[in-house]
Amino acid sequence: MTSSTIDAPADVPVVDVDPFADDFLTHPQEYHRRLRDAGPVVWIPSYGIYGCAQHVSVHAVLNDHGTFISGAGVGLANFNKEAPFRPKSLILEADPPSHTKARAILARILSPRTVTQIRSTFAAEAESLIERLLQRQAAGEKIDAVKDLAEVYPLKVFPDAVGVGSAGRENLLLYGDMIFNAFGPRNERLRKAAEKVEPVTAWIMAHCQRENLSKDGFGELIWQAADAGEITAAEAPMLVRSFLSAGVDTTISGIANALFCLASHPDQYGLLHKDHSLARPAFEESLRYESSVQTFFRTTSCDTELMGVSLPKDTKVVTFLAAANRDERHWPEPDRFDVQRRPAGHMAFGSGIHGCVGQVVARLEGEVVLTALAKRVSRIELLGEPKRRLNNTMRAMASMPVRLIPA
Ligand code: QZP
């Protein structure tokens, strides 16, 4: 947090909160309510930024990519004023036309057709993981739904699909923790995560090189796009880096949060256990209810107006995706976790041209994990208080001791 606050412009409701403080990140919902209730656009003095927490204003910002740009960074740091924490992503921290080109390549690789090809492997992996957990539990071991399930599954299937070898995959967790903290301020949390930055970044960049990727993964397909002249050989590792940045921590938190929602709403788990076809809607509802990615920023490209508030050029606007997902102006009974809700239009994958390009794979992972669980487990019993892992951007979990009651 900055030591001094920045004066509010005229005519904007002021909400004096620190969205990256422990207390905010621990129970964001009450802060989100304050932000939403103050208006569609607010001023957050501690960082001198505008904020949107209502569904209507989050949607408006994310769907006007010409006014609210990504090229100046999608975190708090304004890349027009300070150097990026790492070389800019070619897709995330880019605007059309360069974004369009990168996006087309990733969208082709992460297509519905790809999902058809990987589905049986992803499902079999989920089933065998649940089976192994039940066996370990029967042998007297305690199971942690975060450490033993939510972290294990994406860390197996996704790097396998990209074509990254199995040694050193824990670097992906450290890297994820770092980059998602880096979208926030340079607080203690970021400093701690960034202590290990050099070896972790070196490992990540090494695994973006063609010789360290298998011949049958998503990574190789990026390099083939370079062979075809769609991108340069210097751009290829940067696009592989996007897989390794965006594909692991996000789904780990998505699955961990879904398990948390289901464990703490046994009636809802019961519905899923009775009807496995609820796996996909249940995962979707947990994304709405406990959105993995809590915040994203844009930067104004010109003086503009947003829902009655004037915004100057080159100013940061934070969108509270998770707050939009619980906005009672948009959702009936938003604070109810309901696996039978069909929460189309939630903001957990963003919206507009930057909406998550990997969402079909993320949804596949959620679906097959919840399906495997629903088949083999009749109840998830919480054995202790689940612990959160605070991160500046990610709604992450550290641990969740459980007993899986076999069906
Ligand atoms: C992270 C990249 C939730 C998203 C912001 C995750 C994410 C997406 C892309 C990249 C990193 O391209 O490096």
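This one's a predicted model, so the numbers in the text were calculated from it and none came from an experiment.
- With a 4.5 Å cut-off on side-chain heavy atoms, Glu141 and Leu133 do not count as touching.
- The closest side-chain heavy-atom distance from Pro312 to Tyr50 is below 4.5 Å.
- No side-chain heavy atom of Arg395 sits less than 4.5 Å from a side-chain heavy atom of Ser292.
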### Task
Mind running side chain to side chain contact (heavy atoms under 4.5 Å, CB included) on Leu321 and Gln294 for me, showing each step along the way?
CA-CA 5 Å; Leu321 307 178; Gln294 294 273 299; over 6 Å; no

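- Ion pairing between a basic and an acidic side chain is recognised when a charged N comes within 4.0 Å of a carboxylate O; Arg298 and Asp95 show no such pairing.
- Taking 4.5 Å as the limit, some side-chain heavy atom of Leu35 sits within range of a side-chain heavy atom of Ile44.
- Aromatic pair His59/His330: centroids not less than 6.0 angstrom apart.
- Closest non-hydrogen pair, Lys313 versus Asp303, comes out as N-OD1, 2.7 Å.
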### Query
Yes or no on salt bridge (Lys or Arg N to Asp or Glu O under 4.0 Å) for Glu328 and Arg36, after CA distance, side-chain angles and deciding distance?
CA-CA 9 Å; Glu328 67 274 24; Arg36 280 192 306 266; 3.7 Å; yes

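- Stacking of Arg288 on the aromatic ring of Trp331 is recorded, both the 6.0 Å distance cut-off and the 45° axial limit being met.
- Within the cation-pi definition used here (under 6.0 Å to the ring centroid, within 45° of the axis), Arg326 qualifies as a partner of Tyr289.
- Distance alone, capped at 3.5 Å, is enough to place a donor-acceptor pair between the Asn181 side chain and the Asp177 backbone.
- In terms of heavy-atom proximity, Ile69 sits nearest to Ser301 at CG2-CB, 3.8 Å.
- Note that the NZ atom of Lys156 and the OG atom of Ser166 stand 7.0 Å from one another [nearest 0.5 Å].
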### Task
Please assess Arg86 against Ser245 for the test side chain to side chain donor-acceptor pair (under 3.5 Å), listing each intermediate value before the final yes or no.
CA-CA 12 Å; Arg86 55 175 196 161; Ser245 302; 2.9 Å; yes

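- The shortest heavy-atom contact between Pro386 and Phe260 is CG-CE1, 3.6 Å.
- A donor-acceptor pair under 3.5 Å is absent between the side-chain atoms of Tyr175 and the main chain of Glu170, judged by distance alone.
- No side-chain donor-acceptor contact under 3.5 Å links Thr100 to the backbone of Pro96.
- Between the side chain of His265 and the main chain of Asp267, no donor-acceptor pair closer than 3.5 Å is present.
- For the pair Ser70 and Ala94, the tightest heavy-atom approach, listed with the atom from each and the gap, is CB-O, 3.6 Å.
- Using a 4.0 Å cut-off between a side-chain N of Lys or Arg and a carboxylate O of Asp or Glu, Glu220 and Arg210 qualify as a salt bridge.
- For the pair Pro19/Tyr31, no side-chain contact is recorded, criterion being any heavy-atom separation below 4.5 Å from C-beta on.
- For Glu290 and Arg388, the salt-bridge test passes: some basic side-chain N is under 4.0 Å from an acidic carboxylate O.
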### Query
Under the side chain to side chain contact (heavy atoms under 4.5 Å, CB included) criterion, do Ile204 and Leu172 qualify, and how do the steps go?
CA-CA 7 Å; Ile204 295 289; Leu172 291 163; 3.7 Å; yes

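- Under 4.0 Å is where a charged nitrogen must lie from a carboxylate oxygen, and between Asp335 and Arg33 at least one such pair does.
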### Task
Check the pair Val309 / Asp11 against side chain to side chain contact (heavy atoms under 4.5 Å, CB included), numbers first and verdict last.
CA-CA 7 Å; Val309 173; Asp11 305 327; over 6 Å; no

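- Counting non-hydrogen atoms of neighbouring residues, nucleotides and ligands closer than 6.0 angstrom, the CZ atom of Arg280 exceeds 12 such neighbours.
- Residues Asp338 and Gln268 form a side-chain contact, since some pair of their non-hydrogen atoms from C-beta on lies under 4.5 Å apart.
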### Task
Go through Tyr47 and Phe20 one step at a time and tell me if the ring-ring contact (aromatic ring centres under 6.0 Å, His included) criterion holds.
CA-CA 10 Å; Tyr47 296 105; Phe20 307 100; 5.6 Å; yes

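- Without hydrogens or angle criteria, Ser253 side chain to Val293 main chain gives no donor-acceptor distance under 3.5 Å.
- Counting only heavy atoms from C-beta outward, the side chains of Val61 and Cys52 approach each other to under 4.5 Å.
- With hydrogens and angles ignored, the 3.5 Å screen pairs no side-chain donor or acceptor of Asn325 with any backbone N or O of His346.
- Residue Arg113 qualifies as open at atom CZ: its count of foreign heavy atoms under 6.0 Å is 12 or below.
- Taken from NZ in Lys274 to NE2 in His276, the straight-line distance is 11.5 Å, to the nearest 0.5 Å.
- Note that CG of Leu90 and CG of Leu106 are 9.0 Å apart. Values are rounded to the nearest 0.5 Å.
- Between Phe183 atom CZ and Glu93 atom CD the span is 5.5 Å, to the nearest 0.5 Å.
- Side-chain N or O atoms of Lys316 include one that pairs as donor or acceptor with a backbone N or O of Gly75 at under 3.5 Å.
- Under a cutoff of 6.0 Å and an axis angle of 45°, Arg186 and Phe85 do not form a cation-pi pair.
- Ser98 OG to Ile231 CD1: the interatomic distance, rounded to the nearest 0.5 Å, is 12.5 Å.
- In this structure, Glu131 does not pair ionically with Lys375, as no charged nitrogen and carboxylate oxygen lie closer than 4.0 Å.
- Taking the six-membered ring wherever Trp is involved, the centroid distance between the rings of His32 and Phe24 falls below 6.0 Å.
- Looking at Asn63 and Ser351, their side chains do bring a donor and an acceptor atom within 3.5 Å of each other.
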### Message
salt bridge (Lys or Arg N to Asp or Glu O under 4.0 Å), that's the test. Do Glu284 and Arg363 meet it? Break it down for me.
### Response
CA-CA 8 Å; Glu284 213 61 31; Arg363 287 196 172 106; 2.8 Å; yes

### Query
Step by step, would you call Val240 with Phe218 a side chain to side chain contact (heavy atoms under 4.5 Å, CB included)?
CA-CA 8 Å; Val240 180; Phe218 301 158; over 6 Å; no

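- Of the possible polar contacts, one joining the Arg169 side chain to the Val164 backbone as a donor-acceptor pair under 3.5 Å is found.
- Remark: Glu198 CD is loosely packed, at most 12 non-hydrogen atoms of other residues, nucleotides or ligands lying under 6.0 Å away.
- One distance of note links CG of Asn391 with CZ of Arg189; it measures 7.5 Å at 0.5 Å rounding.
- No option in Lys101, Arg108, Arg103 other than Arg108 meets the salt bridge (charged side-chain N to carboxylate O under 4.0 Å, His left out) test with Glu230.
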### Query
Would Asp249 and Arg389 count as a salt bridge (Lys or Arg N to Asp or Glu O under 4.0 Å) if you check the C-alpha gap in whole Å, the side-chain angles of each, and the deciding distance to 0.1 Å?
CA-CA 12 Å; Asp249 226 29; Arg389 168 167 62 84; 3.6 Å; yes

### Query
Taking it one step at a time, do Thr67 and Asp64 satisfy side chain to side chain donor-acceptor pair (under 3.5 Å)?
CA-CA 6 Å; Thr67 308; Asp64 182 356; 2.8 Å; yes

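- Between the side chain of Asn212 and the main chain of Ala206, a donor-acceptor pair closer than 3.5 Å is present.
- Using a 4.5 Å cut-off on side-chain heavy atoms (C-beta onward), Val402 and Glu381 make no contact.
- Checked by atom type and distance alone, the side chain of Thr251 never pairs as donor or acceptor with a backbone atom of Gly254 at under 3.5 Å.
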